[in-house]
Amino acid sequence: MKILPLHQLSDIDAIEQDREPTDAELDAIDAEMPLIRAEVEELDVRISLMDRSVTELDARRLRRARRKVLAARRELTNQACPVTEVGA
């Protein structure tokens with residue numbers, strides 16, 4: 001039995017899939033790495049809590065991980081949108 005693709009890849013699609021990320025794309029990923037790390041840490045905590053009851057220490061770990069995610073998002077947002085002062 002032959003498995004058929006859902007759609008035929010055009011030459012552009014094939015080239016697009018084989019290319020390496022550009023420097024700008026790598027810089028964007030690098031800028032988001034603190035957020036990515038914080039989200040992975042929060043996910044690790046959530047996974048560790050899936051098969052057991054949550055203790056007070058576990059609740060603290062989860063709150064700490066959530067705060068890290070929020071702080072990383074805040075930092076990333078503030079870097080992307082610099083605040084300009086309004087005044088006379």
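Because the structure is predicted, anything quoted here is derived from the model rather than measured. Numbering of residues begins at 1 and proceeds along the displayed sequence.
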Which residues share a side chain to side chain donor-acceptor pair (under 3.5 Å) with Arg60, sequence neighbours left out =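 Side chain to side chain donor-acceptor pair (under 3.5 Å) check on Arg60 returns nothing, list empty.
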Side chain to side chain donor-acceptor pair (under 3.5 Å) with Arg46: which residues, sequence neighbours excluded?
-> Glu42
Would you tabulate the side-chain donor-acceptor contacts of residues 64-72 under 3.5 Å, counting partners in other chains and residues two or more places apart, or write 'none'?
unit_1, atom_1, unit_2, atom_2, d
Lys68, NZ, Glu41, OE1, 3.4
Lys68, NZ, Glu41, OE2, 3.2

May I ask you to check whether over 12 heavy atoms, not counting those of Glu25, lie within 6.0 Å of atom CD?
->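 Yes, because the 6.0 Å sphere around CD of Glu25 holds more than 12 heavy atoms from other groups.
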Spacing of CG belonging to Leu76 relative to CZ belonging to Arg74, to within rounding of 0.5 Å = 11.5 Å
For residues Asp58 and Ser53, report the shortest heavy-atom separation together with the two atoms involved.
->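 Reported closest heavy-atom pair: OD2-O, 3.9 Å.
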Of all heavy-atom pairs between Ile36 and Ile29, which one has the smallest distance, and what is that distance?
->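 Shortest heavy-atom separation between Ile36 and Ile29 comes out as CD1-O, 4.4 Å.
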4.5 Å side-chain heavy-atom contact, Arg52 and Thr55 = no
